[in-house]
Amino acid sequence: MAQLAKRDAGVAFDGAASDSPHASKRQRKRNSRKSADESASTSAHATSEETPLKNGTARPPDVQELGPYEVTPRVPRHEPEKSPKSQAKSTRAVETPSKEKGQTIDMTMWEDISTDNTKALAVKTKPSKVSETPSKSKKAQPVSSDWSLSRGHGGTFIEQDPIFTSDNQFLIIPTHSDVKIFSTKTSLLVRSFQVDNKSDITNCALSTADPSRLYVSNSRGLLSMWDWVSGVILRKQELGRGVQQVLPIHSQDKKEIVLVLQQSEGKGTSAVAFAVDTATNQFNQLQVVLQRNLRLSSIQAHAQGSILVASARDRILVGQSQLTADGGLDLTYTWREISFPGSIISFDAQINIGKSKTSRKVPFLDVAVGLQNGAIIHYEDVLFKLIGREKKNLNQDIVGRKLHWHRTSVNTLKWSRDRNYLISGGDETVLVIWQLDTNQKQFLPHLSTSILGLTVSASGSSYALRLGDNSIMVLSTADLLPSTNINGLALGDTQHHRAPVALHPTAENRLFAAIPANPVTKGSLRGKSSTLLQSYDLESDLQIGRQALTRNMTTALNVAPSGQSVQEPNVTQIAVSHDGKWLATVDEWQPNDQDLDARYIEADASRDRGSATETSLRLWTVNDNDNTWELVTRVDEPHKPGPHSILGLAVSPTRLEMATIGSDANIRLWSPKARHRNGVAVRNSSNEQLYTWTCSRTIPCEQDASGRTEAATWAALVYSDDGSVLAGSWSWQSDSTRFVHLIDPRTGQISLSQPDLLHQGDGKMEFSGRYLVCLSQMLTVYDTLTSQVTSTISLDPALVSPQSQAPSFLAVNKLDGTVAVSISRSQKPRSTKVLVLNISGGEIKPLHEISFPGTIRSLLASTTAPGFLIVDDRNVLRSLKPSGSQVITSVISRSLTTHEPEQVTKGLDNIFGRAGVNTVAGTDGVVEDENVGGDVMKQSLTNEDATTSSRDLNSVLRIVSSTQAPSPAELFQRVVGVLAKR
Amino acid sequence: MAAEVQPLPPIRAPPGPAPLTPDQAYWRSFKNQLLLPSPHNAAITSITTPDYNPAGAQADTFAATSGGRVQIYNGKTRKIVKTISRFGVEDTARSGVLRRDGRILLAGGDSGVVQAFDTGSRAILKQWRGEAGHQLPVHVVRWSPKVLTDLMSCSDDRTVRAWDLTEDVAKWTGVGHEDYVRSGCYLPDQEGGMIVSGSYDQTVRLWDTRQARAAMTFKHAAPIENILALNANIIASAAGSSVNILNLAAGNVEQILHPHQKTITSLAAAHSGTRLLTAALDGHVKIHSTSSWQIVAEGFKYPSPILSCAVIGDDRHLAVGLEMGLLSIRTRLAGQEKAKSREKEKKMAALLAGTETADAYERKQRKKELRQGIQARDRGKDFRGEGADIVITGNERSRQKVLKPWQRCLREGKYQRALDLVFEPSQTQLIGKGKFSFDQEEVLTLLTALRHRSALRAALSHSEEDEGRKLVPVLKWCLHSVTHPRHVVLVQDVLLLMLDLYAEKIGGDWSEGGKEVEALLKKIEKRVRLGVDLAQRARGLVGMVGCLEAG
């Protein structure tokens with residue numbers, strides 16, 4: 001516990017800022033528990049918050065790889081006013097189902113079972129109403145903190161062009177939460193540091209005075225200064241309002257002037273200049289340089305800050321000031337404007353030095369502007385012309401040269417370093433290089449995703465492209481071949497409530513995700529449907545491979561003759577077989593509405609139009625040579641054609657079998673069949689038997705479908721752990737009664753149909769041993785052996801459908817039987833709660849709860865270790881793991897080989913004794929933690945009779961690259977895990 | 001990196017049940033039937049091929065016996081090489097068989113004589129007759145597969161005898177059959193010591209030539225007409241209209257086949273012993289698998305009862321001797337010969353169709369050959385040099401496939417042109433598919449791609465002056481495919497779009513080709529109505545069946 005307190009201190013701002021009753025309650029509990037520790041949490045918070053201020057170079061709490069310890073529940077702001085309401089609602093929610101029950105029993109023929117259940121449910125729900133609502137349950141059993149949320153990996157890169165360091169060795173690319181530094185040689189992550197885990201990073205800029213100094217701004221108005229070489233924070237400064245852009249413009253004898261683009265009152269934006277003393281890192285606000293009632297989108301500085309160019313919605317502002325005689329900068333700017341017919345998406349300016357040699361005082365400023373309609377307008381010597389216009393008092397606009405190739409908005413536009421070329425990119429996925437003198441264009445086509453940002457390196461030898469699939473590519477300017485590729489997880493927003501993500505069942509840390517071509521791009525014409533498969537390594541945070549899963553428009557014209565975008569098929573489901581050798585994907589294609597006009601008359605219901613949807617189930621086998629998937633079987637229209645005709649896909653955990661659940665109230669089982677041609681087995685070149693997948697069984701559920709013409713809207717399908725039972729359930733729009741069918745997949749018989757486990761709408765089911773866990777508006781645990789509902793929890797109605805549009809998730813870790821539930825809301829304020837539960841004996845015992853702002857895209861159970869994986873809406877991956885500092889008392893005892901938490905616990909007891917805990921308790925800060933870890937490691941190593949197989953240790957210590965090394969704490973845990981296995 | 005442009009993958013319909021099994025296709029490839037009449041139209045009683053000669057020269061000839069003569073044919077040219085007719089005036093030749101080196105022909109006769117002829121000079125080398133020989137007709141003589149000088153004979157005098165070419169008296173005589181012995185052969189792989197014979201006493205006997213009595217006897221239900229040793233263990237015997245598969249090792253009957261309506265007269269092995277051919281008096285030749293004993297191919301039908309049948313050379317010819325005195329030889333072409341014959345056919349078709357002159361055709365051919373010449377010239381260009389220290393490879397890119405014109409138009413977004421091009425008749429396709437001047441696969445691929453790219457409407461909206469002309473091929477394709485269940489969705493899309501676009505024109509003024517368009521539309525309507533009618537009937541049937549099930 002003492003350990004925990006210290007960790008709290010480490011991430012002080014977390015707890016300090018949390019004002020929710022839950023958080024404080026937890027805090028209090030902790031405080032009471034660690035009475036021995038004299039540093040109470042409040043004081044710990046205070047000290048840690050002050051440390052960076054007192055000594056600027058003190059270890060920053062965030063740089064430290066806090067690993068799994070930085071959790072402490074973050075509670076959304078809306079929480080306080082929510083909780084009383086939620087309780088009131090929950091009582092209602094509990095009562096309604098029992099009313100419904102009376103009706104359903106009359107209609108169904110399973111009276112004996114259902115009456116039993118209703119009784120059981122009725123008995124159960126009453127206490128649960130009181131004691132088992134999430135908020136209440138904490139009182140009953142304190143949230144034990146033996147679960148920890150790891151620090152986020154991955155994440156979406158923010159809308160900023162990548163930054164080359166001055167020596168071209170590194171790329172600085174911020175995500176929303178971290179600043180990441182990648183090596184251009186190896187494409188690997190070198191360092192990443194977190195500024196603040198509450199707000200988003202908005203901008204980064206390298207200092208002009210010192211190339212190792214980085215300014216980072218965030219949406220809450222925190223401006224921080226870092227030494228990116230060592231990863232040390234130099235200074236933090238609160239600026240009050242959210243910062244949009246930070247721009248160092250001028251430096252002179254240890255004083256640097258930094259321009260900060262901030263939102264001012266109302267709608268306007270202001271640019272404020274600050275002076276930064278590079279020696280003492282002090283910030284001084286100088287003056288407001290520009291204040292407009294416009295939304296300035298970005299600003300650039302030229303000629304040591306004497307010329308500023310800023311863009312607003314449809315105009316470019318050019319500010320000019322003078323350098324004083326001693327090289328200082330006068331901060332009084334004269335602003336002149338150029339306005340444009342369309343809105344400006346991108347612009348770049350440059351000082352034409354070649355011409356500037358003339359004695360003229362006004363510098364030759366060239367500006368190129370990319371507009372939303374695809375035109376690029378290029379102005380030469382714009383400042384002179386503006387001044388001229390002003391002097392002559394003319395009203396006419398100055399004329400620029402128009403370059404129009406792009407069909408849609410010019411996302412990015414840059415001058416080359418030699419000033420002869422313009423480089424532009426847009427949603428056409430083509431990099432265009434304009435040679436201005438000769439009017440020639442050079443193209444690099446088919447980049448497969450839109451170009452969002454572009455940076456030319458200082459030497460001009462490479463371009464760094466930020467692409468629409470959350471990746472950065474560095475191209476050499478000589479041959480336009482890529483030298484560096486940095487790929488983040490590229491999951492897009494899914495209309496479907498289940499993100500097409502799957503974990504590899506045997507390989508560790510391998511994630512498969514069906515991704516669209518342009519997940520990051522906003523409002524892009526193309527590529528919102530998932531057509532590609534990305535395999536991603538969670539450990540090293542690297543993309544392993546990417547391949548197409550459906551036909552796509554990467555190299556074909558993606559605009560229809562009528563001007564609308566061409567629809568691509570969308571992968572809605574993916575699943576990997578239990579041996580990791582087969583992949584099943586479901587994709588759907590719907591023609592554009594206009595194309596269907598000819599087929600239907602007005603009177604036709606919109607439902608009929610869906611029959612033009614093309615759905616196919618594809619089965620892929622892994623090719624071991626290059627780790628790609630090869631298509632084996634494509635099944636067109638596996639269920640009755642229509643939109644969303646396949647609502648779920650499940651794989652058997654024991655056999656090679658897949659099951660699809662369709663909106664036509666059928667479940668189909670698919671299994672491989674050895675391929676024969678006229679009685680002869682078909683083999684491939686390496687003499688392996690080839691297979692084809694066929695439908696081995698169709699299980700109709702007529703009672704569900706009887707008398708219905710409409711298709712089901714929601715369905716859930718899941719296999720039990722041993723593959724002997726298949727649970728399926730449909731939900732129709734018109735009918736609120738919903739059954740869960742338990743089916744024997746070997747015979748296709750429905751052995752039991754149970755009502756009222758799931759509500760209408762989106763519902764999830766998972767098996768945990770003998771228990772079927774059902775999640776819809778409430779969480780129900782159903783014992784499949786005794787056919788009884790063992791417990792029910794009603795969930796916060798604000799976070800589950802129908803009030804919340806966001807999906808809820810349910811995952812069961814097959815290794816230790818723990819259940820994770822996530823519920824969230826997508827309306828603002830967005831928030832998510834993740835609960836880890838233990839349901840041994842049918843009782844729901846909460847193990848851990850976290851909540852954070854934002855929604856999540858997926859919640860997956862780890863396949864090789866206990867714990868869960870959370871993918872949030874910014875593609876940040878976090879793993880939720882039992883950290884093993886406490887004995888997990890109620891783990892379902894199963895005959896499984898790996899039982900890490902217990903082993904870890906055992907190991908810790910052996911190693912630490914009580915003394916070990918005391919030492920940890922006495923230490924302060926996270927750096928010490930590392931030392932302690934080291935000590936313990938030494939101790940343990942000496943204590944062991946050196947019989948620990950070095951192989952195991954090797955496997956733990958084998959790390960992809962030094963930059964991918966885990967945090968000391970995590971490493972420590974792994975080593976302990978290995979030692980404990982003995 | 002820039003993604004490489006891949007050609008549009010062709011739309012292939014899912015594979016249905018194959019209309020032809022490989023066996024059927026294989027046996028269908030025995031074509032080019034040659035019908036050779038025998039002298040005096042005598043029935044062809046026996047066709048034999050020499051055994052495999054592992055040591056010396058292999059005979060590439062075969063012998064057919066009819067009436068009073070044995071004719072030797074060349075296995076390559078199918079022409080008569082020699083005719084041996086030195087039999088008595090009243091005598092009938094039986095079972096002419098060539099030795100495996102092709103130099104000596106052996107034949108029996110109805111007079112009981114067994115004669116050996118030199119195939120070169122046609123001189124009689126040896127005659128066994130009189131006291132030491134058979135007294136009654138000899139229907140079967142066979143060379144030993146192992147020893148060049150050994151032979152056997154089966155006679156109507158109920159004996160089976162083994163002879164040495166140099167001796168006058170039989171080495172061994174098997175006595176035991178109670179009726180005419182009309183079939184027999186050596187067992188392979190037994191050093192020539194085992195003989196099987198089948199007799200009209202309905203038994204098959206296995207003889208060891210070291211013993212006088214039969215080693216094994218199989219009793220059948222009908223007289224044995226023919227016998228064939230498939231290997232050292234398995235023997236097929238034709239008794240009446242059934243074939244009995246005898247397993248010598250197990251000593252039992254493995255299988256009884258009833259492939260024919262009438263008496264089976266001849267058995268032959270093909271496809272290196274994995275297929276068994278049966279020929280019967282009903283004029284059929286049927287092909288069985290020797291593993292499943294099922295009929296794998298229906299084989300052939302002949303206009304007259306078959307008396308003999310043989311597969312010659314490595315499944316090169318199928319020779320069948322008919323009762324009406326015709327020898328039918330069917331030949332299977334393989335490899336280069338096949339290509340050559342196809343080329344010839346194509347050329348003839350082109351000339352007959354009048355689309356090309358002989359000259360143009362020749363020129364095209366020469367061009368093709370020239371292209372192969374270019375290949376030959378480039379051969380070895382990729383040699384990297386054995387002793388090179390550093391091999392500098394260029395920026396290797398896979399060569400792009402040249403797109404077809406319609407594919408290029410599709411890529412460039414010229415959808416109308418692409419549709420025109422894909423329906424444009426081209427020479428080769430005209431020849432290949434007489435009825436349609438376009439490639440169904442290409443049309444399907446293009447129309448599906450247009451549908452997927454929301455460009456179908458653009459591709460089908462033609463300008464006023466040529467709309468009629470351009471709609472005709474599309475409508476023709478629709479007419480052809482509208483009843484095809486696999487393409488119904490696509491055809492429906494195309495047709496409805498066309499109706500949507502040109503609804504006002506129908507019955508009104510069209511530019512050229514308008515009449516044809518309307519006629520086609522009428523036809524399509526008729527066909528669709530028919531389909532609807534059928535569907536309704538099927539629906540009715542389903543309802544009936546449902547009623548029955550419920551009742």
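By convention in this document, chain letters (A, B, ...) are assigned in the order of the sequence lines, proteins followed by strands, and residues within each chain are numbered from 1. These numbers come from a predicted model, not from an experiment.
Between B:S454 and A:P561, the shortest heavy-atom distance links the atoms O-CD, 3.6 Å. Nearest heavy-atom pair across B:G413 and A:L557 is CA-CD2, 4.1 Å.
Summarising the geometry, atom CD belonging to A:E614 is positioned 3.5 Å from atom NE2 belonging to B:H452; distances are rounded to the nearest 0.5 Å. Between atom CZ of residue A:R551 and atom OG1 of residue B:T448 there is a gap of 9.0 Å, rounded to the nearest 0.5 Å. The line from CG of B:D493 to CG of A:L596 is 7.5 Å long, rounded to the nearest 0.5 Å.
The contact between B:L497 and chain A is made by backbone and side chain atoms together, counting heavy-atom distances below 4.5 Å. Heavy atoms of B:R457 lying under 4.5 Å from chain A belong exclusively to its side chain.
B:R411 contributes a side-chain N or O that, together with a main-chain N or O of A:T555, makes up a donor-acceptor pair within less than 3.5 Å.
Heavy-atom neighbours of B:K470 NZ from other residues, nucleotides or ligands within 6.0 Å: above the threshold of 12. Annotation for B:R28: atom CZ does not count as buried by contact number, only 12 or fewer foreign heavy atoms lying within 6.0 Å. Within a 6.0 Å radius of CG in A:D479, more than 12 heavy atoms belonging to other residues, nucleotides or ligands are found.
Of the listed residues A:A560, A:P591, A:P569, the one with more heavy-atom pairs under 4.5 angstrom with chain B than any other is A:A560.
A salt bridge does not link B:R453 to A:E568: none of the charged side-chain nitrogens sits closer than 4.0 Å to a carboxylate oxygen.
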